[in-house]
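Single-structure report; data block below.
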Amino acid sequence: QVQLVESGGGLVQAGGSLRLSCAASGLTTSPYATGWFRQAPGKEREFVAAISWRGGMTSFSDSVRGRFTISKDNAKNTVYLQMNSLKPEDTAVYYCGRGASFSIREKGYDSWGQGTQVTVSS
């Protein structure tokens, strides 16, 4: 069983940056893809970014493309989401998910972390 732990959230002013981490523990030997999703109050969870096992494929939502990057360190079983030029509308709880295949859909991931809060002030 895999456990995912997100970290790196916090309060930042608009235009600032944060780097989120998603650390996996447990049965981590199988190849997997990782996705980042976010959920703002009163809204459904939405896709943010995803990265394939070897990092050769990445995808971003239109709202974050050009501002966010995703990377991974398989030796550390950790995936990073670098968020630059943050906007108040990026405020949400950010979750990472892990699945067997690369996907931009929430149902493509079967293990989830507890989430980390990102708040961007104007």
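Note: hydrogens, waters and symmetry copies are ignored here, and every other heavy atom, side chains too, is used. As the structure is a prediction and not an experimental result, all values here were calculated from the model.
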Quiz item: Checking side-chain contact (heavy atoms from CB on, under 4.5 Å) for the pair Met57/Ile51: CA distance, chi angles, key distance, verdict?
Solution: CA-CA 6 Å; Met57 288 195 295; Ile51 187 166; over 6 Å; no
Exercise. Take Met83 and Leu20 through the test side-chain contact (heavy atoms from CB on, under 4.5 Å) and record every step on the way to the result.
Key: CA-CA 8 Å; Met83 308 186 296; Leu20 305 184; 3.7 Å; yes
Exercise. With side-chain contact (heavy atoms from CB on, under 4.5 Å) as the test, would you mind laying out the steps for Arg45 and Trp112 before giving the verdict?
Key: CA-CA 13 Å; Arg45 191 176 297 191; Trp112 292 92; 3.4 Å; yes
Self-check item: Full working for side-chain contact (heavy atoms from CB on, under 4.5 Å) between Val79 and Ile70
Solution: CA-CA 7 Å; Val79 174; Ile70 188 169; 3.9 Å; yes
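Of the possible donor and acceptor atoms, one in the side chain of Glu6 sits under 3.5 Å from a partner among the backbone N and O of Gly115. Without hydrogens or angle criteria, Thr116 side chain to Gly9 main chain gives a donor-acceptor distance under 3.5 Å. At distances below 3.5 Å, not a single donor-acceptor pair connects side-chain atoms of Lys72 with backbone N or O atoms of Gly55. Although no hydrogens or angles enter the test, the distance criterion places a donor-acceptor pair under 3.5 Å between the side chain of Thr91 and the main chain of Val120.
Proximity of the aromatic rings of Phe47 and Phe37 is defined here by a centroid distance below 6.0 angstrom, and this criterion is met.
The hydrophobic cluster containing Leu81 does not contain Trp53, counting ILVMFWY residues as joined when their side-chain heavy atoms lie under 4.5 angstrom apart, directly or transitively. Phe60 and Tyr94 fall within the same hydrophobic cluster, defined by Ile, Leu, Val, Met, Phe, Trp and Tyr side-chain heavy atoms under 4.5 Å apart, directly or through other members. Connection of Val64 to Leu86 is established within a shared hydrophobic cluster, with ILVMFWY side chains joined at heavy-atom distances below 4.5 Å, either directly or through further cluster members.
Counting heavy atoms from C-beta outward, Tyr32 and Val2 have side chains that stay 4.5 Å or more apart.
The closest side-chain donor-acceptor pair between Asn84 and Ser17 falls under 3.5 angstrom. Judged purely by distance below 3.5 Å, without hydrogens or angles, the side chains of Ser101 and Ser103 never pair a donor atom with an acceptor atom.
Residues satisfying the ring pair (Phe, Tyr, Trp, His ring centres under 6.0 Å) test with Phe68, not counting sequence neighbours, are none.
What you find for Trp36 and Cys22 is that their closest heavy atoms are CZ2-CB, 3.5 Å. When all heavy atoms are compared, the tightest approach of Arg98 to Ala24 is NH1-CB, 4.1 Å. Listed here is the closest heavy atom pair of Ser122 and Ala14: CA-CB, 4.4 Å. Counting all heavy atoms, side chain and backbone alike, Asp110 lies closest to Gly99 at OD1-CA, 4.2 Å.
With respect to Arg65 and Asp62, a salt bridge is recorded, a charged nitrogen being found less than 4.0 Å from a carboxylate O.
At least one cation-pi condition fails for Arg38 and Tyr95: the charged atom is not both under 6.0 angstrom from the six-membered ring centre and inside a 45 degree cone around its axis. Figure legend: cation-pi geometry between Arg19 and Tyr80, with NZ or CZ positioned under 6.0 Å from the six-membered ring centre and within 45° of its axis.
The CZ atom of Arg54 lies 8.5 Å from the CG atom of Asn74; values are rounded to the nearest 0.5 Å. A distance of 12.0 Å separates CD in Gln82 from CZ in Arg67, rounded to the nearest 0.5 Å. Atom CD of Gln3 and atom CD of Gln114 lie 11.5 Å apart (nearest 0.5 Å).
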